[in-house]
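Below is one structure, written out as structure tokens; comments come after it.
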Amino acid sequence: MSETTNREGLSSARLIMVLSSVSPLFIIWAIRGSKLIPDQYFIAGCILMVVIPNAFLFLRLTIARKQKDTREIVVGRAEDHRDHLLVYLFALLLPFYATSLADWREFSATLVAVSFIVFLFWNLNLHYMNVLFAALGYRIFTIYPPQDDNPYTGNETIVLVTRRATISKDQKLVPYRLSNSVYWEV
């Protein structure tokens, strides 16, 4: 019996990448503040929600480099997904910019909404969406395998975080694995 579902491994790495993706929201909240929670606690909590996931993300990259956790990938087709960053900005940051954290009801509703977004990013495998990648000059490509009827080359697409401007067909890459579907080319 063949399995038809694609299981994404490295669950903790995926969760950290999702939390890292929403870190700009916590920067905005730290700047805006909240009337409900004293600034010293609120800002400290926001800073932790920015620093911890991003530190773990770079720790995962360091571990992958040390362990030489790489995979050779042959490009069948590559699509640049800079447009996903725009969707990310409009879907995540802009709606929450106007959110007031002035009473407990609004604060709770906002936390539930952020939880839904984390859940969606997790389940839709959008854990690679990160403003930090763009700020550091990285691009996001979806890499499709070559169409060659070889059962060993794989049929799964992967996401590549790279500084390359273009990726050519039949090009061979050896990036580091951040999760089973997201790879980082240093």
Distance col, row Phe42:CZ vs Arg32:CZ, nearest 0.5 angstrom, shows 9.5 Å

Rounded to the nearest 0.5 Å, what separates atom CG in Leu111 from atom CD in Glu106?
12.0 Å

Kindly give the heavy-atom pair with the smallest separation between Pro24 and Ser21, and that separation in Å.
CD-O, 3.4 Å

Identify the heavy atoms of Pro145 and Glu156 that sit nearest to each other, and give their distance.
CD-O, 3.6 Å

Could you tell me the separation between the CG atom of Leu48 and the CD1 atom of Ile43, rounded to the nearest 0.5 Å?
12.0 Å

For the aromatic rings, using the six-membered ring if either is Trp, is the centroid distance between Trp184 and Phe133 under 6.0 Å?
yes

Under a 4.5 Å side-chain heavy-atom rule over Ile, Leu, Val, Met, Phe, Trp and Tyr, are Tyr41 and Ile28 clustered together?
yes

Tyr144 side chain reached by Glu79 side chain, heavy atoms, under 4.5 Å:
yes

Could you tell me whether the side chain of Arg177 reaches within less than 4.5 Å of the side chain of Gln67, counting heavy atoms only?
no

Over 12 non-hydrogen atoms of neighbours within 6.0 angstrom of CZ in Phe58:
yes

Same apolar cluster (I L V M F W Y, side chains within < 4.5 Å links), Ile37/Ile27:
yes

Find the distance between CG (Asp39) and OG (Ser34) and round it off to the nearest 0.5 Å.
8.5 Å

Using a 3.5 Å distance criterion without hydrogens, assess whether the side chain of Ser20 forms a donor-acceptor pair with backbone atoms of Ile16.
no

Between CZ on residue Phe119 and CZ on residue Phe116, distance to nearest 0.5 Å
9.0 Å

Apply side-chain contact (heavy atoms from CB on, under 4.5 Å) to residues Arg77 and Lys169 and explain how you reach the verdict.
CA-CA 6 Å; Arg77 186 178 86 218; Lys169 182 179 180 180; over 6 Å; no

Does Met17 reach the side chain of Leu178, with side-chain heavy atoms less than 4.5 Å apart?
yes

Kindly indicate, with the supporting measurements, whether the criterion side-chain contact (heavy atoms from CB on, under 4.5 Å) is fulfilled by Asn54 and Ser23.
CA-CA 8 Å; Asn54 285 297; Ser23 62; 3.2 Å; yes

With a 4.5 Å cut-off on side-chain heavy atoms, are Val161 and Glu185 touching?
no

Is there a donor-acceptor contact under 3.5 Å from the side chain of Ser179 to the main chain of Val182?
yes

Side-chain cluster (under 4.5 Å, hydrophobic types only) that Val75 belongs to, other residues:
Ile73, Phe141, Ile143, Ile158, Leu160, Ile167, Leu173, Tyr183

Hydrophobic cluster membership, Leu136 vs Tyr176, 4.5 Å side-chain cutoff
yes

Is there side-chain contact between Thr70 and Pro175, with at least one heavy-atom pair below 4.5 Å?
no

Assigning hydrophobic clusters by single linkage (Ile, Leu, Val, Met, Phe, Trp, Tyr; side-chain heavy-atom cutoff under 4.5 Å), is Val22 placed with Val112?
no

Could you check if a side-chain atom of Arg60 sits within less than 4.5 angstrom of a side-chain atom of Ile63, using non-hydrogen atoms only?
yes

Distance in Å, Trp104 CH2 paired with Leu36 CG, rounded so as to fall on 0.5 Å steps
5.0 Å

Decide yes or no for Arg139 and Arg163: does some side-chain heavy atom of the first lie under 4.5 Å from some side-chain heavy atom of the second?
no

Taking the side chain as everything from C-beta on, heavy atoms only, tell me whether Phe107 gets closer than 4.5 Å to Asp103.
no

Neighbour count above 12 (heavy atom, 6.0 Å) for Phe56 CZ
no

Walk me through whether Val114 and Leu25 qualify under side-chain contact (heavy atoms from CB on, under 4.5 Å).
CA-CA 9 Å; Val114 169; Leu25 177 61; 3.5 Å; yes

